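Model, not experiment: these values are computed from the prediction.
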Amino acid sequence: MTDKKTFYVTTPIYYVNDVPHLGHAYTTVVADCLSRFHRLRGEEVFFLTGTDEHGQKVEQAAAAAGISPQDHCDRMVHRFQDLWRQLDTSHDDFIRTTQERHIRVVQAILTDLHDRGEIYKDSYQGWYCVPDERFWTEKDIEGGNCPDCGRPVVEITEENYFFRMGKYRQWLVDYITENPDFVRPQTRRNEILGFLRKDLGDLCISRPKERLSWGVEIPFDTDFVTYVWFDALTNYITAPGYLVDEKRFTRTWEGAHHLIGKDILTTHAVYWPIMLHALGLPQPKTIFAHGWWTIEGRKMSKSLGNVVDPGRLAEEYGIDAIRYFLMREVPFGLDGDFSKRALIGRINNDLANDLGNVFSRILAMTKKYFDGFVPPSGSGESPLAAQGAAAWEEVGKAAEKIAPHLALAAIWEFIGRINKFLDDEKPWILARDPEQRDRLARCLREGLEALRFTAILLAAFMPHTAARMWADLGLDGGPSLRGTVPGWNGLPEGGRTTLSGPLFPRIEEKD
RNA sequence: GGCGGUGUAGCUCAGUCGGUCAGAGCAUACGGCUCAUAUCCGUAGAGUCGGUGGUUCGAGUCCACCCACCGCCA
């Protein structure tokens, strides 16, 4: 008997020193939507996020604050944890690279690879800027001076540990070639294949402690700490239990999907696969690199002062509106622009006029003509059922493809159908004729049922909105399927609906 | 410089194997409805599908070159 595999999705571990911004929130929100969708379908899900806490910047920031690096991390990590709490993301685990559970496994991995000759020590020469405590290669230095501060550098010879990455180049080229969905989107896959056309060197994976002490100690040489790669990337396997809970690990790892920003493509699509291969582990299903958000057409940067705080956005516009915008506005994988105008456009057109209004008009008529009670279904066709089922199928396909924009497009097409249905049936006309009472009942019943179905469709993407709709429709609990596919007639007859006000009030643009 | 990509209606973009592919949404205009958050439904626009030259019975859709952007690497 085989265990059912888990849908496993990761975000990068964010550098604990960074100020959380829209880019962080974007990746995490998409991972959250995928997770919620797979859970809704009854699948086992493991959604992982976390923080990368080692390195020089942390060490320096801690020193400047006069506290230990660990204390510094413990303070800083809350900014991410608080943001995810505020955005209500549904991650199952939050890994910190300074956690004992992680360090232990990192060291075991290093020992394993070292024992098998995959890691070796070598010396190399380069130039060192003493005041900056930075190492530069031949290419970096400018006329014998540090490219950073302009002061003279000194030639030194340094020893470090290296991972035999280069010899796996052809293996990786073949793997990527044979697995078209491994690196996505297509354009990023091309980039990696282009990158791999050239020689691939071995990877320096350590730093002498004199230069960097805040890191995971190399278990077989305590004068060194491991540098970035084997510390950070390995979080994806340490969290699901590699070397600790093999059964759980295997089941989880089989369904692994890494969501990353395009800035860390090489580390994830070259270093990481080779590290896994050297460890004898299978590859994740997909490494999906998404694009960047510009802000009002300009790159987000501290110097421009336009770094968007997702928490403030959520406070101002609501979590679900932000989620909707991020996922609908741009096909996942491409760059996009975050502008107030576009955001308000989406909120007013899609959320207020389409979704909010159709919800409002059906509930208002239910209240007006049936005193808020769900009318009996009677007999006859359910003209919207097939459309709903089609939308559900589209959403599923989009989720498989990691294309949330297509999922939302399909849901909005369904919402359009509901509006059209109402305009065709004209329940407000039927209501004037007592003879048409049954037909009116069926019409509104169908509309209400469509709203219930819409709540299910939306549950993964806009969980708060879906829950609110569910409650207003007089249903208990939250949007759920009771099966692998949402059924149609799910509204209990005689249920009491409530008209609790607009789902999304229109935002009046003021100049 | 090498590799890859993009250039389609005012705006943002779809367009798989070459032949109803010249499309969608937004914006705009007009019409309809009034249950609804001045919301909803319908209709309309003609954009030389970056340029030039090819292949073909037929090309946004393939090829060559050119122009303009962008990404990766160096």
Enquirer: Within 45 degrees of the axis of the six-membered ring of A:F288 and under 6.0 Å from its centre: does A:R184 put its NZ or CZ there?
Expert: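 Negative - A:R184 is either too far from the ring of A:F288 or too far off its axis.
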Enquirer: With P as the reference atom in both, quote the distance from B:G60 to B:G42 in angstrom, rounded to an integer.
Expert: 31 Å
Enquirer: Using the P atoms only, state how far B:G10 lies from B:C70, rounded to an integer number of Å.
Expert: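 Rounded to whole Å, the distance is 23 Å.
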Enquirer: In whole angstrom, give me the gap between the C1' atoms of B:A24 and B:G32.
Expert: 23 Å
Enquirer: Reading nucleotides 37-45 of chain B from the 5' end, what letters show protein touch, with B for base, S for backbone sugar-phosphate only, - for no heavy atom under 4.0 Å?
Expert: B-SBSS---
Enquirer: Sticking with atom P, work out how far B:U61 lies from B:A9, rounded to a whole angstrom.
Expert: 15 Å
Enquirer: Which part of the nucleic acid, if any, lies within reach of A:R432 when heavy atoms closer than 4.0 Å are counted: base, sugar-phosphate only, or nothing?
Expert: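 It contacts sugar-phosphate atoms only.
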Enquirer: Taking any heavy-atom pair under 4.0 Å as a contact, classify A:K368: base, sugar-phosphate, or nothing.
Expert: sugar-phosphate
Enquirer: Does a nitrogen or oxygen in the side chain of A:R328 sit under 4.0 Å from OP1 or OP2 of B:C13?
Expert: no
Enquirer: According to the salt bridge (charged side-chain N to carboxylate O under 4.0 Å, His left out) rule, which pairs have a member within residues 198-207 of chain A, sequence neighbours left out?
Expert: none
Enquirer: To the nearest Å, how far apart are A:E394 CD and B:A24 P?
Expert: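 Rounding to the nearest Å, CD of A:E394 and P of B:A24 are 18 Å apart.
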Enquirer: Are A:R468 and A:D472 close enough for a salt bridge, meaning some N to O gap below 4.0 Å?
Expert: yes
Enquirer: Taking atom P in both B:C26 and B:U39, what distance in whole Å separates the two?
Expert: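 These two P atoms come out 13 Å apart once rounded.
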Enquirer: Using the side-chain hydrogen bond (donor to acceptor under 3.5 Å, both in side chains) rule, take A:D309 and A:H21 through it: C-alpha gap first, then chi angles, then the decisive distance, then the call.
Expert: CA-CA 5 Å; A:D309 172 4; A:H21 57 65; over 6 Å; no
Enquirer: Of A:N306, A:V330, A:L326, A:T294, which meets side chain to side chain contact (heavy atoms under 4.5 Å, CB included) against A:F338?
Expert: A:L326
Enquirer: Rounded to whole angstroms, how far apart are NZ on A:K299 and C1' on B:C70?
Expert: 11 Å
Enquirer: Return the value, rounded to whole Å, for the distance between atom NE2 of A:H405 and atom C1' of B:G25.
Expert: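 Taking atom C1' of B:G25 as the reference, NE2 of A:H405 is at 13 Å.
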Enquirer: Consider ring-ring contact (aromatic ring centres under 6.0 Å, His included). Of A:F230, A:Y271, A:W229, which one does A:F163 pass it with?
Expert: A:F230
Enquirer: Please report the distance, rounded to the nearest Å, between CG in A:L334 and P in B:U12.
Expert: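 Taking CG of A:L334 and P of B:U12, I get 14 Å after rounding.
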Enquirer: Show which side-chain atoms of residues 411-421 of chain A pair as donor or acceptor with protein atoms under 3.5 Å away, not counting sequence neighbours.
Expert:
residue : atom : partner : partner atom : Å
A:W412  : NE1  : A:D350  : O            : 2.9
A:N419  : OD1  : A:R361  : NH1          : 2.7
A:K420  : NZ   : A:D424  : OD1          : 3.3

Enquirer: Please give me every residue in residues 185-203 of chain A whose heavy atoms get under 4.0 Å of an atom in RNA chain B, ordered by residue number.
Expert: A:R188, A:N190, A:E191, A:F195, A:R197, A:K198
Enquirer: Write down the distance separating the P atoms in B:A59 and B:G50, rounded off to the nearest Å.
Expert: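 Per the computed distance, 15 Å lies between those P atoms.
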Enquirer: Is the distance between the ring centroids of A:F504 and A:F359 under 6.0 Å?
Expert: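 No, they do not, as the ring centres are separated by 6.0 Å or more.
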Enquirer: Could you work out the separation of B:G25 and B:C63 based on their C1' atoms and round it to a whole Å?
Expert: 34 Å
Enquirer: Starting at CG of A:L363 and ending at P of B:A36, how long is that distance when rounded to a whole Å?
Expert: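 In whole Å, B:A36 P lies 12 Å from A:L363 CG.
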Enquirer: Using whole Å, what does the distance between atom P of nucleotide B:C26 and atom CH2 of A:W412 come to?
Expert: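 Value for this atom pair: 13 Å.
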Enquirer: Looking at A:Y236 versus A:H258, is the centre-to-centre ring distance below 6.0 Å?
Expert: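 Aromatic pair counts; centres sit under 6.0 Å.
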Enquirer: Could you summarise the pairing of RNA chain B as dot-bracket text, marking Watson-Crick and G-U pairs under 3.5 Å with ( ) or [ ] inside the strand and | across strands?
Expert: (((((((..((((.........)))).(((((.......))))).....(((((.......)))))))))))).
Enquirer: Quick one: do A:R346 and A:E329 make a salt bridge, cutoff under 4.0 Å?
Expert: yes
Enquirer: Anti or syn, where syn is a glycosidic angle within 90° of 0; which label fits B:G31?
Expert: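 Anti, which is what one calls it when the glycosidic angle falls more than 90° from 0.
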Enquirer: Determine, using ring centers only, whether A:Y168 and A:W272 are less than 6.0 Å apart.
Expert: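 Between A:W272 and A:Y168, the centre distance exceeds or equals 6.0 Å.
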Enquirer: Measure centre to centre between the rings of A:H54 and A:Y227, then say whether the value is under 6.0 Å.
Expert: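 No, they do not, as the ring centres are separated by 6.0 Å or more.
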Enquirer: Please report the distance, rounded to the nearest Å, between CD1 in A:I429 and P in B:G32.
Expert: 15 Å
Enquirer: CG of A:L444 versus C1' of B:A36: gap in Å, rounded?
Expert: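 To the nearest whole Å, that distance equals 12 Å.
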Enquirer: Expressed in whole Å, how much space separates the C1' atoms belonging to B:A22 and B:C35?
Expert: 38 Å
Enquirer: In chain order, what residues pass the ring-ring contact (aromatic ring centres under 6.0 Å, His included) check against A:Y175, with sequence neighbours excluded?
Expert: A:W171, A:F182
